[in-house]
S.K.: 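So that we are looking at the same thing, I have put the structure below in structure tokens.
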Amino acid sequence: MTRYLITGASGMLGRDLQTALGGRAVTAATRHELDICDADAARDAVRGHDVVINAAAYTKVDDAESHEDDALRVNALGAENLARAAAEEGAVLVQLSTDYVFDGGATSPYAEDAPLAPVSAYGRTKAEGERRALAAHPEGTIIVRTAWLYGQHGPNFAATMLALAAQRDTLTVVDDQCGQPTWTHNLAEQIVRLLDSGARRGVVHGTSSGETTWFGFARAIFEEAGLDPERVQPTDSSTFVRPAPRPAYSVLGHDAWAPLGLEPIRDWRSALADAWRSGAIARPSA
């Protein structure tokens, strides 16, 4: 019987992973229950497990610009601790990573082996987490990069758009950042399929197929909610200056799935429609 450990289990992806692994032997550890930055605690937690899925992360992208050491501790040291523990145990580590490890300057989807070139503190810490995990457990670490996540169990862009729709007549959303909206429910199921395939190492991109901009995503959310998409108007990134630079192009390629005998995650638009129908996106208040 395969035994799974999920770190960051109370987060949006962590909770969907628990659902996707329903009926299996799962230990779900929240950040309050397991500090992955503590090497001894990580080793104790991993002991007795065959698979570790690290969904714990410092994800405050803007805060990381002024607290990079804190982000590095969680995103890099924590990943390294789990990788070392997994290596000792003979377990597989699934290390969640991000599109922010790239600079966003591409014009075609980033391949899984594209050079890392982060331009933000958050991106640097996640890239370092990839490097440390792979160095500590090269034969048993799978890097799963994802992006633009939304789902039922946490704050996210889709829920924010619907909340704002209840407060404002019109919204302006940037139309010069391109990516792949990804439902955490779909990502969790894909990670389970990945593990069931027997994969033990490598890099894959766990994002939806297709691509859009934040503006296109917002309009699609309005359409699903039965709201007038014309209420969403386009703007550019210069009107929303933030501490951390955002990648202009965050589309990730999916070539690594075929050798594993797996299809990439489905198109983002059909996933959004199902997410809405299932109630995974909060309805606007009356």
Side-chain angles (χ1 to χ4, degrees), residues 1-22 24-61 63-64 66-98 100-101 121-146 149 151 153-155 184 187-188 191-192 194-195 199-201 203 206:
M1 179 178 64
T2 302
R3 297 153 297 179
Y4 302 82
L5 170 66
I6 301 170
T7 66
S10 61
M12 188 163 56
L13 176 60
R15 291 181 65 179
D16 278 346
L17 280 165
Q18 292 176 63
T19 300
L21 288 166
R24 308 194 192 194
V26 176
T27 302
T30 69
R31 62 186 178 89
H32 299 295
E33 295 166 336
L34 171 59
D35 178 7
I36 63 172
C37 303
D38 182 329
D40 290 335
R43 187 178 298 109
D44 289 343
V46 170
R47 188 174 295 116
H49 294 91
D50 306 292
V51 175
V52 179
I53 306 175
N54 182 24
Y58 186 109
T59 58
K60 297 176 182 177
V61 174
D63 286 356
S66 55
H67 298 88
E68 188 165 354
D69 287 346
D70 293 337
L72 187 69
R73 187 169 175 268
V74 178
N75 294 341
L77 176 61
E80 182 179 20
N81 287 340
L82 290 171
R84 290 188 183 281
E88 292 173 8
E89 191 69 18
V92 173
L93 170 67
V94 176
Q95 171 64 25
L96 271 296
S97 192
T98 173
Y100 278 77
V101 300
Y122 170 69
R124 288 190 293 272
T125 65
K126 291 297 287 184
E128 183 64 15
E130 289 190 18
R131 295 187 188 102
R132 292 194 192 186
L134 289 169
H137 192 20
E139 298 304 315
T141 293
I142 306 172
I143 304 296
V144 179
R145 298 190 188 115
T146 191
L149 294 181
H153 302 295
T184 49
L187 175 57
I191 290 171
V192 174
L194 171 65
L195 292 166
R200 290 189 59 87
R201 58 180 294 183
V203 179

S.K.: Would you please name every residue forming a side-chain contact (heavy atoms from CB on, under 4.5 Å) with D69, sequence neighbours left out?
M.R.: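 Residues passing side-chain contact (heavy atoms from CB on, under 4.5 Å) with D69: none at all.
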S.K.: Taking side chain to side chain donor-acceptor pair (under 3.5 Å) as the definition, give me every residue that meets it alongside D44, ordered by chain and number, with sequence neighbours left out.
M.R.: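 Only R47 meet the side chain to side chain donor-acceptor pair (under 3.5 Å) criterion with D44.
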S.K.: Are the side chains of I191 and L96 in contact, using a 4.5 Å heavy-atom criterion?
M.R.: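 Heavy-atom side-chain distance check passes, below 4.5 Å.
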S.K.: Tabulate below the donor-acceptor pairs under 3.5 Å that side-chain atoms of residues 51-59 make, not counting sequence neighbours, or state none.
M.R.:
| unit_1 | atom_1 | unit_2 | atom_2 | d |
| --- | --- | --- | --- | --- |
| N54 | OD1 | T7 | OG1 | 2.6 |
| N54 | OD1 | A56 | N | 3.2 |
| N54 | ND2 | Q95 | OE1 | 2.8 |

S.K.: Check the surroundings of atom CZ in R124: do more than 12 heavy atoms from other residues, nucleotides or ligands lie under 6.0 Å from it?
M.R.: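 For R124, atom CZ is crowded (more than 12 foreign heavy atoms under 6.0 Å).
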S.K.: Salt bridge (Lys or Arg N to Asp or Glu O under 4.0 Å): which pairs involve residues 2-22, sequence neighbours left out?
M.R.: R3-D50
S.K.: Can you name the side chain to side chain donor-acceptor pair (under 3.5 Å) partners of T146, sequence neighbours left out?
M.R.: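 Partners of T146 under the side chain to side chain donor-acceptor pair (under 3.5 Å) test: none.
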S.K.: Sequence neighbours excluded, which residues qualify as side chain to side chain donor-acceptor pair (under 3.5 Å) partners of T98?
M.R.: none
S.K.: Would you say T141's side chain and P138's backbone share a donor-acceptor pair under 3.5 angstrom?
M.R.: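 No, T141 side chain to P138 backbone: no donor-acceptor pair under 3.5 Å.
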S.K.: Locate the shortest heavy-atom distance separating A136 from A87; write the atom from each residue and the value.
M.R.: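 Looking at all heavy atoms of both residues, the closest pair is O-CB, 3.9 Å.
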S.K.: Donor-acceptor pair, K60 side chain versus A71 backbone, under 3.5 Å?
M.R.: no
S.K.: Using a 4.5 Å cut-off on heavy atoms from C-beta on, say whether the side chain of R73 contacts that of D35.
M.R.: yes
S.K.: Can you list the residues that meet the side-chain contact (heavy atoms from CB on, under 4.5 Å) rule with A86, with sequence neighbours excluded?
M.R.: A91, L93, H137
S.K.: Please identify each residue that fulfils salt bridge (Lys or Arg N to Asp or Glu O under 4.0 Å) with E128, with sequence neighbours left out.
M.R.: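 Per chain and number, E128 pairs via salt bridge (Lys or Arg N to Asp or Glu O under 4.0 Å) with R131, R132.
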S.K.: State which residues pass salt bridge (Lys or Arg N to Asp or Glu O under 4.0 Å) with E88; sequence neighbours excluded, sorted by chain then number.
M.R.: R43
S.K.: Which heavy-atom pair separates Q18 from A9 by the least distance, and what is that distance?
M.R.: NE2-O, 2.8 Å
S.K.: Under the criterion salt bridge (Lys or Arg N to Asp or Glu O under 4.0 Å), I'd like the reasoning laid out for R84 against E80: C-alpha separation, chi angles, the key distance, then a yes or no.
M.R.: CA-CA 6 Å; R84 290 188 183 281; E80 182 179 20; 3.0 Å; yes
S.K.: Kindly compute the distance separating CG (L17) from CG (L13), expressed to the nearest 0.5 Å.
M.R.: 4.0 Å
S.K.: Measuring from atom OG1 of T125 to atom CD of E130, what distance do you get when rounded to the nearest 0.5 angstrom?
M.R.: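 One gets 10.5 Å once the value is rounded to the nearest 0.5 Å.
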S.K.: Answer yes or no: is there a side-chain heavy-atom contact under 4.5 Å between K126 and Y100?
M.R.: no
S.K.: Kindly compute the distance separating CG (L195) from CZ (R200), expressed to the nearest 0.5 Å.
M.R.: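 Nearest 0.5 Å value for the CG-CZ distance: 10.0 Å.
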S.K.: How many angstroms lie between atom SG of C37 and atom CG of L72, to the nearest 0.5 angstrom?
M.R.: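 Separation between the atoms: 9.5 Å.
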S.K.: Taking side-chain contact (heavy atoms from CB on, under 4.5 Å) as the definition, give me every residue that meets it alongside A41, ordered by chain and number, with sequence neighbours left out.
M.R.: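 Only L34, D38 meet the side-chain contact (heavy atoms from CB on, under 4.5 Å) criterion with A41.
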S.K.: Do T2 and R24 make a side-chain contact, defined as non-hydrogen atoms from C-beta onward lying under 4.5 Å apart?
M.R.: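 A side-chain contact is absent here, since even the closest heavy-atom pair is not under 4.5 Å.
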S.K.: Using side-chain contact (heavy atoms from CB on, under 4.5 Å) as the criterion, list what pairs up with V203, not counting sequence neighbours.
M.R.: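 Expected list: E112, I143, R145.
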S.K.: Could you pull out all residues at least two apart from R201 that satisfy side chain to side chain donor-acceptor pair (under 3.5 Å)?
M.R.: E139
S.K.: Can you tell me how far the CG atom of L5 sits from the CG atom of L82, to the nearest 0.5 Å?
M.R.: 7.5 Å
